[in-house]
Each structure stands twice: as structure tokens, then as C-alpha cells.
Protein chains: 2
Amino acid sequence: MAAENRSASSKQKRRRLDPEDREREIIDGAVAFFAEVGFDGGLRDLAKRLGITHQNLFRYFPTKEVLIDRVYEEVYLGRWQVEWEVLLADRTIALEQRLMQFYRSYLQAIFRYDWVRIFVFAGLKGVGITQRYLELVQARVVEPLARELRAATGLPDTSEVPLLPEETELAWGLHGELFYLAVRRWVYEMKVPDDLDMVVRVAVVKFLSGAPSAMRLLHEGTLRTPAPQPGRRARPVRRNPR
Amino acid sequence: MAAENRSASSKQKRRRLDPEDREREIIDGAVAFFAEVGFDGGLRDLAKRLGITHQNLFRYFPTKEVLIDRVYEEVYLGRWQVEWEVLLADRTIALEQRLMQFYRSYLQAIFRYDWVRIFVFAGLKGVGITQRYLELVQARVVEPLARELRAATGLPDTSEVPLLPEETELAWGLHGELFYLAVRRWVYEMKVPDDLDMVVRVAVVKFLSGAPSAMRLLHEGTLRTPAPQPGRRARPVRRNPR
DNA sequence: TGTACTAATGACCGCACGGTAACTAAGATG
DNA sequence: CATCTTAGTTACCGTGCGGTCATTAGTACA
């Protein structure tokens, strides 16, 4: 975008930038470019967008691979917020509030053209960093959530009974549906609701109302615990405890 | 796979196949190949896997693009089952049973390396067929489900009050979390539970237990309907009505 | 067994890619 | 204003791509 006016007006004197500034421009441009066309995009095309020659890229990044690695860094590591983990663990706030706050903040960070597409492109390419990112999400978001559900449902703590794979999967459900929303928007270009906060609110309420039934079902099936109520009807989790 | 032994043993006489058989081999090989490396994969590499020369591909498909279009056809249109739509609409069966049967059958069709990856590759490329496929899913699966939820929650029919975007989104949630499971498995190579049927069961129970609360929340907020019960606690949907 | 048909191939074309080397010019310094 | 540093450029290389053309060889039939 920023480079378009340059490449449009054909003849312009060469801009001699401070290396830091140029590098910043290149990285930003590379994020946008690779998000759009994927990592098979040519360096000449990237350079054209930046209004420089493709050889100039090599002054800053010795190979294409190094540039791509910088893009990963920029997109992943640069956008994870440790406060999220703190927020999710804060039991002075109702779980519903925590989840809504977290996912609003999280979506603000990732519900973007660049982030979603680069994440998906990198996954298909089999880049290790995406796997590691998802393991981070599982360890810092999904599994903590599953443990919270244990507590909210009155089931034994994970120190007594470790998390079942199906319980982790259950907790992935909330994360997954919101991420899939982002994929529908930025990969498949579908219309999605404008009011993301409302979507988050609905998803969290749905999740917290439904998850306990499913948790009990799981532990009935695997631990042979007698059903606390007939017909394995679930008592909904408390919401808005004001 | 089938072609590997051929390319391994270096010198082999040329196999002269019936064109139909060769075309079949090419298409199957192309599906597997493009699923693995993406549509930027080279025709020479594909041909090598098939144990033929890349020129031979041009005898069957005039351009690479035509071959790729055949791959799309093969993967999408070839694997959609109209019975799914019938099943989902069959109100003689409990909604829970319908959803479980549908998603078990659906996952059997799409929870595969080839399908998931080609679907994602194609989406990133911006191929129209994937958008059309998702619109099909929305019209034939997601929106019908949202309408069922209206009925199950005692809310007005969609003939009186059209579906809100947020209601459609709510119904996408179930679809999304299961699709995202497939993406975690086949794109990001994460460990997921072995027992998919159990995962589906848990997801459906969770969804049906939680969705009514969320539906009511939505209609409170937008239609200003007075809450039927204090504290907008939801009555769970009936399950297993035997 | 010779022959006609055609599936399959080897050699080649133009082009765009990632990457290298030599040159040019912007701007700070004396 | 001459000089020096270095950001940026022009020109080029080997390689592999999608696609074309003339040739080779497997097989069914006379």
C-alpha cells in the first residue's frame, strides 16, 4: 500500500534510507506480501511493491529463507501477550468474564488478514514454529480452560485425574470455533458478523452452558462414575455472579 | 504410493496403459501430490511419482490449470452426499441423533490428509469453488441447524423472524470446531484423540446443551423479548427422548 | 508376421526464479 | 568543494518451470 505510489509514478530518484528504516519497510512489506500470495511469491514482486530492486533485498537478508524467518518472528512471537495467561488464571474474576475478555483481546490480535493467512500458509508448509505456537496455545489456554471446567463442574482436580484427550479436545472447541471464524473471514472471504464482541459473548455463553454436560458425559463413559442426576442432565455453570 | 516402486527400480520398460486407466492414475496421483506440496508443485515432480515423464501429463490435460480443476472436482463435488441434507431435516429423529450421525459420516468423508489440505490450499489461492462449497455448507447444514435450534428453544420460526447473522454464526460453531480439529490434525500435525466418534458425541452434547442459552441471550439483546425465566438461565434441550 | 495406430518419450524453448558481482550515486565529513 | 562510505542499482548466471514438437515403441488386427 505505502509503496504503491512509488512504483506507480514510474521515474523517481532512488531513496537512500537509514538501514533500520529500510529493514522495517522490507519486513512490513514482506508480511503483507507473503500473507497475500504465500511463501512461493517471488522476491522481484515483493521488491516491486516496496519500490526497490530485488537485489537490494539481499543487502538486508542474505537469503529468502532468512527473510521468511523474520516474518514468522514478527507475526507470531511478536503478538503473543503474557497477560493473557495471567488473566485466564485469575480466579477472582468469573470464568465467563475471563473468557470473554481473553477472546476479545485475542481476536483483536489475530483477527487480521496478515496473521491468519501467514499462520495457515506456514502450517501447510510444515514450518515448526506453527506447531510450537499451537502447543503454546494448548498449554497456556486450552488445558487451563479444561482444568477450570473440572472445577466448575465439580469433578476431581487434574492432580487426581489427569486430563483426558477428549477433555482437552472439548476445550479446544471454543478456541477452534473462533479461529475457524477467522479462517472463514480471511482465507475463504466469507461474510461474517460485524460485531465480533457479540460473537465472542455468544460463543462463551454457549460453551459454558454446554461444557459441563459434556464433561460429565465424558467422565461417566471413562471413569464409570455414577451419574449425579438422573438422565445425566447437567446443571449449568453460574454466570454473572453479581 | 502405488507409483513408488516404479520410480525406485530405475530402468523399467514403458507401461502402455488404456487412457482411462492412465487418467485415473494421474488424477489420484495429482490429488495426493498437490495435497502434500500445494498447487505450486511442479509437474515434473508429479510425473516422477507416477513413474511417467512430465510430457505425458500433457497428453491427458492440456494445461496444469485443467489438471488442478479436475482435482477440485474430484475432491469436492465427488464427496458431498445429498443424504446428509435429508438426514439433517428428518424430524422423526432427535436432533442430537441427527447431528451425531451427520458429523460422524461427514468426518468420515473429510477427515483425510488429501481433503483437508487441498481445501485449505485452494482457499488460500482464492479459488472460487471453495467459497461455493462453504456457501453450500452454510445453506444445507449450518442454517438448517440454526432453524432447528429456534424450534428446540421455543423461539419464533424463521418465517416470522429471519436468522440473525449471529445465530448463523452460533451454528457455525459446531461445524467450525470439528473442522478445526481436522486442520489441527492434517495441517498442523498435532496429536488429536483417536476416537473421533467420542469427540463428535461430546461436541454435539456440549453444543445442544449450550446453544439454547446463547440463542435466548441473542434474542434478548436484539428483539427485546422479556426473559422467560429470571437470570436468563436456559432449559437444556431434550436429549435421548426414548 | 507385417502394419497401422497411438501411448509414451527425448530434446528443446522462453521465461522467471534465487542469488552474485561490478558499478553508481546520495549524503555526511574535512 | 573534494572525498569517502555505503545504500541502491544494472547486468548477469545457473536452474527449473510450464508447455511444444518430432520421434520411439507397445499392441491390436490384417
Side-chain angles (χ1 to χ4, degrees), chain A residues 2-3 5-30 33-34 36-72 121 125 127, chain B residues 2-3 5-30 33-34 36-72 121 125 127:
Chain A
N5 44 1
R6 310 205 67 267
S7 55
S9 57
S10 51
K11 221 51 207 170
Q12 183 153 355
K13 264 191 163 176
R14 63 168 80 169
R15 276 196 316 156
R16 186 190 173 98
L17 285 195
D18 199 79
E20 289 179 37
D21 297 342
R22 182 63 82 192
E23 185 171 320
R24 193 65 265 152
E25 272 195 9
I26 292 177
I27 292 172
D28 292 344
F33 176 72
F34 289 128
E36 185 177 330
V37 305
F39 297 111
D40 288 323
L43 292 186
R44 283 169 174 80
D45 285 344
L46 167 58
K48 199 174 292 176
R49 290 201 192 194
L50 290 165
I52 60 176
T53 59
H54 92 277
Q55 292 81 351
N56 199 9
L57 293 172
F58 289 99
R59 291 187 57 89
Y60 294 88
F61 301 96
T63 68
K64 184 182 185 180
E65 202 190 333
V66 170
L67 173 57
I68 289 177
D69 285 344
R70 271 306 296 274
V71 168
Y72 292 142
F121 270 124
K125 221 180 145 194
V127 183
Chain B
N5 43 3
R6 311 205 66 267
S7 55
S9 56
S10 52
K11 220 51 206 170
Q12 183 152 354
K13 265 192 165 176
R14 64 168 80 169
R15 277 195 317 154
R16 186 190 174 99
L17 285 195
D18 199 77
E20 288 179 37
D21 297 342
R22 181 64 82 192
E23 185 171 321
R24 191 67 264 151
E25 272 195 9
I26 292 177
I27 293 173
D28 291 345
F33 176 72
F34 289 128
E36 186 176 330
V37 305
F39 297 111
D40 289 323
L43 293 185
R44 284 169 174 80
D45 286 343
L46 167 57
K48 198 174 291 174
R49 291 202 193 192
L50 290 164
I52 60 176
T53 60
H54 92 279
Q55 295 83 348
N56 199 9
L57 294 171
F58 289 99
R59 290 187 57 88
Y60 295 87
F61 302 95
T63 68
K64 184 182 186 182
E65 202 190 334
V66 169
L67 172 58
I68 289 177
D69 286 344
R70 271 304 296 275
V71 168
Y72 292 143
F121 270 124
K125 221 181 147 193
V127 183

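Lettering of chains follows the sequences in order, A, B, ..., and the numbering in each one begins at 1.
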Would you mind reading off the distance between [X] atom [atom1] and [N] atom [atom2], rounded to a whole angstrom?
| X | N | atom1 | atom2 | value |
| --- | --- | --- | --- | --- |
| B:Phe34 | D:dG18 | CZ | C1' | 12 Å |
| A:Arg22 | C:dG27 | CZ | C1' | 15 Å |
| B:Glu20 | C:dT6 | CD | P | 15 Å |
| A:Asn56 | C:dG18 | CG | P | 15 Å |
| B:Asp18 | C:dT6 | CG | C1' | 12 Å |
| A:Ile68 | C:dC17 | CD1 | C1' | 13 Å |
| B:Leu46 | D:dG18 | CG | C1' | 13 Å |
| A:Lys48 | D:dT9 | NZ | P | 14 Å |

Quick one: list whatever passes salt bridge (Lys or Arg N to Asp or Glu O under 4.0 Å) with A:Arg24, sequence neighbours left out.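 For A:Arg24, the residues satisfying salt bridge (Lys or Arg N to Asp or Glu O under 4.0 Å) (neighbours in sequence not counted) are A:Asp28, A:Glu74.
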
N/O contacts under 3.5 Å, protein versus nucleotides 26-30 of chain D?
residue : atom : partner : partner atom : Å
D:dG26  : N2   : B:Arg16 : NH2          : 2.7
D:dG26  : N3   : B:Arg16 : NH1          : 3.1

Quick check on the 6.0 Å ring-centre criterion: do B:Phe39 and B:Tyr72 meet it?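 Yes - the distance between ring centres of B:Phe39 and B:Tyr72 falls below the 6.0 Å cut-off.
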
Between OG1 of B:Thr53 and NZ of B:Lys48, what distance do you get to the nearest 0.5 Å?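 Interatomic distance, B:Thr53 OG1 to B:Lys48 NZ, rounded to 0.5 Å: 12.0 Å.
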
About how many Å separate CD1 of B:Ile52 and CZ of B:Arg22, when rounded to the nearest 0.5 Å?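 Atom-to-atom, B:Arg22:CZ and B:Ile52:CD1 are 5.5 Å apart.
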
If the condition is side chain to side chain contact (heavy atoms under 4.5 Å, CB included), which residues does [X] pass it with, not counting sequence neighbours?
| X | result |
| --- | --- |
| B:Glu23 | B:Ile27, B:Tyr60, B:Phe61, B:Arg70 |
| B:Phe33 | B:Val37, B:Asp45, B:Leu46, B:Arg49 |
| B:Phe58 | B:Leu43, B:His54 |

List the atom of B:Leu50, the atom of B:Gly29, and the distance in Å for their closest heavy-atom pair.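 Heavy atoms of B:Leu50 and B:Gly29 come nearest at CD2-CA, 4.0 Å.
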
Over all heavy atoms of both residues, which pair between B:Ala47 and B:Leu57 is shortest? Give the atoms and the distance, please.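 Heavy atoms only, the tightest pair is CB-CD1, 4.1 Å.
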
Between B:His54 and A:Leu43, which is nearer to the 5' end of DNA chain C once each is assigned its nearest nucleotide?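 The answer here is B:His54.
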
Which nucleotide sits closest to the side chain of B:Arg44: C:dG10, D:dT10, D:dG18?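 Of all the options, the side chain of B:Arg44 is nearest to D:dG18.
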
Hey, which of these two, B:Gln55 or B:Asp45, hits DNA chain D nearer its 5' end, going by closest nucleotide?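 Nearest-nucleotide comparison on DNA chain D picks B:Asp45.
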
Heavy atom of residues 59-66 of chain B under 4.0 Å from DNA chain C: which residues?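 Going residue by residue through residues 59-66 of chain B, the ones with a heavy atom under 4.0 Å of DNA chain C turn out to be B:Arg59, B:Tyr60.
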
